[in-house]
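Below: the structure, in structure tokens.
Because the structure is a prediction, the values reported are computed rather than measured. Each ligand, and each atom within it, is numbered from 1 in the order the structure gives.
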Amino acid sequence: MKETAIKTLESCRQNRSRAWIELNMDALRHNVKYLQSLLPGRCALMPVVKANAYGHGAGLIAGELSDMGIRSFCVACVSEGMELRRQNIAGEILVLGYTHPDQFPLLDQYALTPTAVDHAHALALSSYACCASRQKLLPVHVAIDTGMHRLGEPAGHETQIREIFTLPGLQITGMYTHLASASGTDPASQNFTREQIDAFYQLAAKLEKDIPPCVKLHLQASYGILRYPLQNVDCARPGIALYGLLSNAADTGDFSDRLRPVLSLRARVASVHLLSPGESAGYDMAYTATRPTTVATITIGYADGLPRSLSQPPAAQELQQDRGCVLLHGQRAPIVGRICMDQLLADVTALPQIQPGDIATLIGQDGQESISAASLADTCGTITNELLSCLGPRLERLIL
Ligand SMILES: *Cc1c(COP(=O)(O)O)cnc(C)c1O
């Protein structure tokens, strides 16, 4: 699989691919080792590869992590788990989200581990596990709500939680919670997070006699690992940090000497147009040239996951350096006009050497210049996680 991908990268550089993602697997391995170094030695990483591994390509990323010896993965839903199995990913696959009872047979068929999202859901899982003509126990992780109020049986419901561990047909292999504010560095967020952590461990201590020692405890996602280094954890669930990024440019910058971005996003120049002053380009006449301008058409658009909000707003005829840019020939070229579904336009007046087939960088390095996914997300008013997870299936994914 890897070798074909490398060949494809060469062929795409020879003018075939329209728009593509390049994956730097050295960076992925580096990030895994760095995150592992922050956790106790016995702690197993359960990389979160939901949303097509945050747009990177779940099969490629999980395959590389499997080669590194990782044996547990997290996904959001059953269909994502099924896709990993189709890509021959072995080991534990934990479904973090809600699984509908109609989908319970798929858990067996694809050897997926569901989350019991609360006591009622645990009962439903148990009645499925008992009545189907099943021989073995159904492995389940139990979600505990310690303050996020999204999924999980409330940590205070000791009796109900104790009962979950006694339900027939189930083998509870994990118990976890999710931190709501681990990214915040203000005192309120820190206090809230410590209260969540305390509530989880107090519950674990109270249940100690009732739960088997093989039940794995976990609570940290990326920010939890980086900001709350806990010792009493059996697993951790990093998502965004695994891909070398944090949610915004400031946090990503703080860790830029420790985490390395895995993904670059590139497209091509399709054609070049000369505009006279007063001529407009793109939809809605949103951009009008005020001087003789060269505009290049780039082969990527919002259907590929590039936010349309990157478009230069009509008022901002004075191009700001940090509104949407692409890199061409190692220089920044401002995006002009509305981003289209499959294409966008960039002002390349400063680049007389531009020609069709040239490679444009939307995320990544080109010569001395670079655009990070986190700064692009900031520019679009979103977070890195959303930007990346929207990168669509039309993009080719290539291993460097
Ligand atoms: C998405 C998710 C993660 C990973 O979060 P990051 O902030 O990307 O590391 C971990 N745990 C749960 C329950 C999640 O939903």
(request) Determine the interplanar angle of the Tyr176 and His218 rings, folded into 0 to 90°, and report it as parallel if under 30°, tilted if 30 to 60°, perpendicular if over 60°. (result) parallel
(message) Ring of Tyr223, cation from Arg227 - is the NZ or CZ under 6.0 Å from the centre and inside 45° of the axis?
(response) no
(request) Could you check whether the rings of Tyr34 and His30 sit parallel, tilted or perpendicular, using 30° and 60° as the cut-offs? (result) parallel
(request) Please report the C-alpha distance between Ile161 and Ile144 in whole Å, then the side-chain angles of each, then the deciding distance to 0.1 Å, and finally whether the side-chain contact (heavy atoms from CB on, under 4.5 Å) criterion is met. (result) CA-CA 9 Å; Ile161 295 167; Ile144 304 296; 3.7 Å; yes
(message) Checking the side chain of His100 only, and the main-chain atoms of Asp102 only, is there a donor and an acceptor separated by less than 3.5 Å?
(response) yes
(message) I need the contact residues for ligand 1: any residue with a non-hydrogen atom closer than 4.0 Å to the ligand, ordered by chain then number.
(response) Val48, Lys50, Tyr54, Leu96, Arg150, His178, Ala221, Ser222, Arg237, Pro238, Gly239, Ile240, Asn385
(message) Donor-acceptor check, side chain of Arg397 to backbone of Leu395, threshold 3.5 angstrom: yes or no?
(response) yes
